[in-house]
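Structure first, then comments.
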Amino acid sequence: MSAREKQIVLSNVTQIFRGAAFRQIGGELIAVDDVSFSLTAEPPQIVSLIGESGSGKSTIARIILGLQRPTSGSVTYGGKDIYRLAGDEFAFFRRDVQPVFQDPYGIFNPFYRVDRIFWTAIKKFKLAKSDVHGRSMIEESLAAVDLRPEDVLGRYPHQLSGGQRQRLMLARVHMLRPAFIIADEPVSMLDAAVRVLFLNILIDFKQTYGMTTLFITHDLSTAYYLGGDAMVISQGRIIERGTVDDVMLRPAHPYTQLLLSSLPVPDPADRWKERLAVTEQTVQSVSPSRDRCLFAERCRFVLDRCWKSRPEPVLVRQGQTASCFLYGPRSDHAQPAESPSQNARTTR
Ligand SMILES: Nc1ncnc2c1ncn2[C@@H]1O[C@H](COP(=O)(O)OP(=O)(O)OP(=O)(O)O)[C@@H](O)[C@H]1O
Ligand code: SF4
Ligand SMILES: [Mg+2]
C-alpha cells in the first residue's frame, strides 16, 4: 500500500452503550455520535482530539484501533473495513497503527524486564536478522527518545519512572515505524518537563519519519504546543475543527469560545475540568432528546431552531468548520460576540 493510500477514514461512527446504568437517560448512552473524519499518512499530520472527561475520546481511540466495533458507521484503513481485515492485512494494520496510552504501566508485565516489549515486537514482526541486530535496533530506538540503554534495559517496570515507561512505549513505536500513532492522553500523568520532551518526540516522529499522530487530550495547552489540526468533541459530537491556531485563537463555536474564555490560567487543564464538571449531567437531565444542539441550555445565542434540529458542520473560514446555526447561509442569528482570542496564548 502506498503512503498516499494509507488513510484511516471514520464515516458516521456511532457508539451506543446500553444497560441499566443508563436508565435515567433512556436506557442508553450515545458515547460517540455520528463522527466522521480521516487521518492521512501522506502528508503526515498531528491532529488533536480535544474534549472534556466522558466526551467520547477514548471510545473513538478504541474504535480506530480495532478494539471495539462501533454500533454503526465504518472505519476503513487503506479503503478496507478494519473490522474485516484478516491474516496478513490485519497484521499489517496492527503494526501500522500503534497505540500509546495514558500510563503504559498496565501494558508492561510486572514480572518481566522491560526489554521484553522490544523483543516481542522484533520477533512478532521479524524485524531483526540476529540478536545483535535486534539489540542495536533497540539501542537506536532508545536514543531516538532520549533514553540511555543502561538506564532502562534489564529493569522491571516498577523500577522506572512514569516518564521513562512512557518513552519506552515511544521507543517501541520508533522501532515499528507505524504510519499512525493513536495517543490517548499520553502525557496527562507526566510532569511538565517530561511532557514537553514527549511532545517534542511526537513532533520529531512526524518530521523525521512521517508518522501521523491522533493526539487525544483534555488539555488545551498540550494541543496548542503540538500545533497541527484540532477537533473539539463534546458529548460524542465533534463540534468544531480546523488548524490549532484557528480553533484556539479564533474559535467559532460558542462551546469552544466558552472553553477558551478562561485562558490563560496557571493550569488550563484544571480550569477545563472544573468548568466542565457541571455540564454533561445537567444537559442530559434537562432534555434527553439529542435531535438538537446539545449546547443549547448554556448558549447565549440560542434560538428556536437550536432545540429542533442538530446543527451540521458549516465552513466558517478556510479549513475551519463549526456545527452551529450561527454560521452558514440560512443563519438567522446575530454573529457571536468577539472571539476570546485576546485571552488565548499568542506564543508557542
Ligand atoms: N464499555 C462501556 N460501557 C458503558 N459505558 C461506557 C463504556 N465505555 C465508555 N462508556 C461511557 O461512554 C462515555 C465516553 O467515554 P470515554 O471513555 O470515551 O470518554 P473520554 O472522553 O475518553 O473521557 P476521559 O477524558 O475521562 O478519559 C462516558 O460516559 C463513559 O462512561
Ligand atoms: S447551534 Fe444554537 S445553541 Fe448550539 S451553539 Fe450554535 S447558536 Fe448555540
Ligand atoms: Mg479517555
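Numbering of ligands and ligand atoms starts at 1, following listing order.
Under a 4.0 Å criterion applied to the non-hydrogen atoms of Phe325, ligand 2 contributes the atoms 1 (S), 6 (Fe). Taking a cut-off of under 4.0 Å to the non-hydrogen atoms of Ala296, the atoms of ligand 2 that pass are 3 (S). Under a 4.0 Å criterion applied to the non-hydrogen atoms of Cys299, ligand 2 contributes the atoms 3 (S), 5 (S), 7 (S), 8 (Fe). Counting the atoms of ligand 1 from 1 in the order shown, those under 4.0 Å from a heavy atom of Leu29 are 11 (C), 12 (O), 13 (C), 29 (O). Contact atoms of ligand 2 toward Phe295: 5 (S) (distance under 4.0 Å to a heavy atom of the residue). The contact set between ligand 2 and Leu326, taken as ligand atoms under 4.0 Å from a residue heavy atom, comprises 7 (S). The contact set between ligand 2 and Cys293, taken as ligand atoms under 4.0 Å from a residue heavy atom, comprises 1 (S), 3 (S), 4 (Fe), 5 (S). Shown in contact with Ser58 at under 4.0 Å from a heavy atom are these atoms of ligand 1, numbered in order with element: 17 (O), 18 (O), 20 (P), 22 (O), 27 (O).
When only interatomic distances are considered, the shortest N/O to N/O separation between Ala31 and ligand 1 does not fall below 3.5 Å. Distances between N or O atoms of Gly56 and those of ligand 1 include at least one value under 3.5 Å.
Ion pairing between a basic and an acidic side chain is recognised when a charged N comes within 4.0 Å of a carboxylate O; Asp304 and Arg292 show no such pairing. Between Lys6 and Asp96, at least one side-chain N (NZ, or NE/NH1/NH2) sits under 4.0 Å from a carboxylate O, which counts as a salt bridge. One finds a salt bridge joining Lys80 and Glu89 here, because a Lys/Arg side-chain nitrogen approaches an Asp/Glu carboxylate oxygen to under 4.0 Å.
The cationic group of Arg195 does not satisfy the cation-pi geometry with Phe198, failing either the under 6.0 Å distance to the six-membered ring centre or the 45° limit from the ring axis.
Residue contacts with ligand 1, taken as heavy atom pairs separated by less than 4.0 Å, do not involve His218 at all. Here Pro254 has side-chain heavy atoms under 4.0 Å from ligand 2, and that is the only part of it that gets that close. Residue contacts with ligand 1 for Arg62 involve side-chain atoms from C-beta outward but no N, CA, C or O (heavy atoms, distance under 4.0 Å). Contact annotation: for His253 versus ligand 2, heavy atoms closer than 4.0 Å belong to the side chain alone. Neither the backbone nor the side chain of Ile233 has a heavy atom within less than 4.0 Å of ligand 1.
Residues Leu39 and Val9 are not in side-chain contact: their nearest non-hydrogen atoms beyond the backbone lie 4.5 Å or more apart. Counting only heavy atoms from C-beta outward, the side chains of Arg18 and Glu28 approach each other to under 4.5 Å. With contacts defined as side-chain heavy-atom distances shorter than 4.5 Å, the pair Gln235/Asp33 does not qualify. Side-chain contact check for Leu147 versus Asp151: every heavy-atom pair is 4.5 Å or farther apart.
Within the 4.0 Å heavy-atom cutoff, Glu185 counts among the residues contacting ligand 1. Residue contacts with ligand 1 include Glu52, since one or more of its heavy atoms lies under 4.0 Å from the ligand. Within the 4.0 Å heavy-atom shell around ligand 1 one finds Ser55.
Across Ser234, Ser188, Gly54, Gly236, heavy-atom proximity to atom 14 (C) of ligand 1 is greatest for Gly54.
Between the side chains of Gln7 and Thr40, not a single donor N or O lies within less than 3.5 Å of an accepting N or O.
One distance of note links CG of Asn12 with OG of Ser74; it measures 7.5 Å at 0.5 Å rounding. Note that OG of Ser261 is 5.0 Å distant from CG of Leu258, once rounded to the nearest 0.5 Å.
Contact between Val100 and Pro186 at its shortest, heavy atoms only, is CG1-CB, 4.1 Å.
Distance check for Ser58 against the Mg ion (ligand 3): an N/O/S atom falls below 2.8 Å.
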